[in-house]
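Note sheet for the following structure.
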Number of protein chains: 2
Amino acid sequence: MPRRTDVKPHQSQSEPTILDVARKARVSKSLVSMVIRGEDGVSAKNREAVRQAIEELNYRPNVIARSLVQRRTRMLGVMISDLRNPFFGDVVSGIQMRAADLGYRVLFNTGDRVPNLEEAAIESLLELRVDGLILAAPRVDDTIIERACRAVPVVVLNRDTSATCSDSVTNDNLAGASLAVEHCASLGHTRIAHIDGGTGAGANVRREGYLAAMQRLGLAANVLTVEGGFTENGGYQAARELLKQFPLPTAIFAANDVSAIGALKALEEAGLRTPGDVSVVGYDNTSLAALPQISLTSVQQFGADIGRLGMECIFERIEGRRSTPRHEVVAPTLVVRTSTGPAPVGAHGHR
Amino acid sequence: MPRRTDVKPHQSQSEPTILDVARKARVSKSLVSMVIRGEDGVSAKNREAVRQAIEELNYRPNVIARSLVQRRTRMLGVMISDLRNPFFGDVVSGIQMRAADLGYRVLFNTGDRVPNLEEAAIESLLELRVDGLILAAPRVDDTIIERACRAVPVVVLNRDTSATCSDSVTNDNLAGASLAVEHCASLGHTRIAHIDGGTGAGANVRREGYLAAMQRLGLAANVLTVEGGFTENGGYQAARELLKQFPLPTAIFAANDVSAIGALKALEEAGLRTPGDVSVVGYDNTSLAALPQISLTSVQQFGADIGRLGMECIFERIEGRRSTPRHEVVAPTLVVRTSTGPAPVGAHGHR
DNA sequence: ACTTCAAGCTGGAACGTTCCAAAGGACGCC
DNA sequence: GGCGTCCTTTGGAACGTTCCAGCTTGAAGT
């Protein structure tokens, strides 16, 4: 195959450095550095000369070089388990806003909910020497988290971890699940099924919350759980599974909004009315749930707050203001919409 | 306020370097470097010794230092105009996948649709010396884009730019708008209004496409445009504006899905049926449009493909395989769902 | 036995910053 | 005039890699 002769890399000229600026402004590189960093103790005359040289040369400080000598990057690594789930959009936006305030850059990454890929994503962030790591609902093993903690402050969002080294911000999944179940029960439902999140982060606690609430309400005999894996299709399949049951559940509590929407689709396809025949509750209260056409009753999780809190945890540790773990739990609330309603009157309980 | 004495930064010990590894394996740092980079020409014995020393020390290569000497970071900067819009989720995922294949990391950033913030976001990526820049529907001025081009290869997604230095990947907005309008017309609609994207990227071309199609179909007299700004609330407000018109439009072509959904909400609130009274078409065919409860007819834009193509453009230029601009246009298609239907029979056209 | 060669390995010079100790200059004071 | 003090400025040493030229060693070729 005819190979073109090696072409030089894109850069037409190598970019100007601090030395070029210094030469042009007729001062030392140190002085230029001071101006760039906004230190005082520089004469007005020289400051202006430097400023102008920078302008003329179109100089841009090299953050890489700075990071090397300072041994900090002012960058935060964020590993998001699922970029498509709008809940994480909220989380990210909370992180970003707070990070910008605090003068940090944010580097995103994802492993697409695959543990191995997530591990690689984390490793890759660590190689970049991020100053801190935020893991949003990671699916990796606790040992991976502990390993990361040895290098850098870590905060885990929305996932319970036995790793003692990291901070965490979660919502109270137990309470949230209770809210959902109790809401259904208060509407007269007794056969309340759960579409769970499988191995996903937080899924187990929500499942436990569901079980505990059912028990507390004396509905232990009606417990019914199908795996939905936190995805729309998972929720869809799970709901189809539930529809094979007899008697049918009259309410479904899905472990997140996305899977709840999958369930809604399955119900509609089966010709069942929501909430007439089956009520559905989601979790996360994403923008999806709020869409008037969907109007999904959902447990509100305040993703942006979670992101913001996570950012604050990291910041405290980076600044060295704290070295003991902090575990923040935000309380969920229930947002009632039109996907839930009274249990159908003809529903013959089988208790 | 009682101030704690300055605590040392988090790092308990500074991390091991290549030199520590070299000492432990009793070889030179150069040899270690070779092993890390997977070069051959290293004896099996030493390779193994190094591998083991790395393991024992828990050594992690410092990408920062490497980038400095190599003067390339293998990082790509991506500036996304709107993280909340699921269309960009598709784009991002296309970029990420291809980037991972090609061995690049991706650094995201956003300016939240505010030109000044977007400019700062771009600048911040350039300071990090990313090897290339992908701008997804940026709202910044062309001069900013040109400035960025001087430093690094740039590709602009989904936005027409007069900047001649950058590559671009767009979908054919003109054709897409035609598809939407013609679809409505073929269903018998004559009063077809447009909710446009205001100053957003690509908005003007879609508007032109709308105007041209209306003209072509002899409906120039019925042209009606309201600004929706590409957001859900914008679409909602715009639709309320449209509802003040008499006679009412029987079809609305919104410049993107998100604003179309806002419009749907306004219609529903006004007690109008979709598509019975008013048909609605969106643009982007995001996952939102596909939700069965929304079922929005929409112009499909293949966000993942656009991201992937953008990534490929950048890669070609980084590798120096090309230095002339490439402008890729992907053809949109129409996905018909249930938000569009025949024009209402009683609709008295005023032509 | 002498040269040639390749394979394996090595130390030093970059890369573009920041940080620090110290130099220089201006000024006032004794 | 010498000295201390303050403000401003400076050069050199890091930071942790990669790259390169050159060193050793031993085997093959003549």
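Chain letters run A, B, ... following the sequence lines, proteins first, then strands; residues in each count from 1.
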d([atom1], [X]; [atom2], [N]) in whole Å:
| X | N | atom1 | atom2 | result |
| --- | --- | --- | --- | --- |
| A:Leu31 | C:dG25 | CG | C1' | 15 Å |
| A:Arg60 | C:dG16 | CZ | C1' | 15 Å |
| A:Ile36 | C:dG16 | CD1 | P | 13 Å |
| B:Ile54 | D:dG16 | CD1 | C1' | 14 Å |
| A:Ile64 | D:dT17 | CD1 | P | 14 Å |
| B:Asn62 | D:dA14 | CG | P | 18 Å |
| B:Arg23 | C:dT10 | CZ | C1' | 16 Å |
| B:Glu39 | D:dT17 | CD | C1' | 13 Å |

I'd like to know if [X] pairs up with [Y] as an ion pair, taking the criterion as any Lys NZ or Arg NE/NH1/NH2 lying under 4.0 Å from an Asp or Glu carboxylate oxygen.
| X | Y | result |
| --- | --- | --- |
| A:Arg326 | A:Asp167 | no |
| A:Arg322 | A:Glu316 | yes |
| B:Glu312 | B:Arg308 | yes |
| A:Arg147 | A:Glu123 | yes |
| B:Arg317 | B:Asp131 | no |

Under 4.0 Å from OP1 or OP2 of [N]: is there any side-chain N or O of [X] that close?
| X | N | value |
| --- | --- | --- |
| B:Arg71 | C:dC15 | no |
| B:Ser67 | C:dC15 | no |
| A:Gln70 | D:dC15 | no |
| B:Thr17 | D:dG16 | no |
| B:Asn46 | C:dC9 | yes |

Of the listed nucleotides [options], the one nearest the side chain of [X]:
| X | options | value |
| --- | --- | --- |
| A:Ser28 | C:dC9, C:dC15, D:dT10 | D:dT10 |
| B:Leu68 | C:dT10, C:dG16, D:dT9 | C:dG16 |
| A:Ile18 | C:dG11, C:dT18, D:dG11 | C:dT18 |
| A:Arg66 | D:dT9, C:dT17, C:dT10 | C:dT17 |
| A:Arg37 | C:dT18, D:dT18, C:dT10 | C:dT18 |
| B:Ala65 | C:dT17, D:dT9, D:dT17 | D:dT17 |
| B:Arg129 | D:dT17, D:dT9, C:dT17 | C:dT17 |

### Check: A:Lys29 side chain, D:dG12 base, donor-acceptor under 3.5 Å
yes
### Query
Is there a donor N/O on one and an acceptor N/O on the other, under 3.5 Å, for the side chain of B:Ser30 and the base of C:dG11?
yes
#### Entry: 5'-most by nearest nucleotide on DNA chain C - B:Val69 or B:Met34
B:Met34
### Task
For B:Asp40 and for A:Leu19, find the nucleotide of DNA chain C with the closest heavy atom, then tell me which residue's nucleotide is more 5'.
B:Asp40
### Query
For B:Val63, which contact category applies under a 4.0 Å heavy-atom criterion: base, sugar-phosphate, or nothing?
nothing
### A:Asn109-B:Arg105 side chain donor-acceptor pair, cut-off 3.5 Å
no
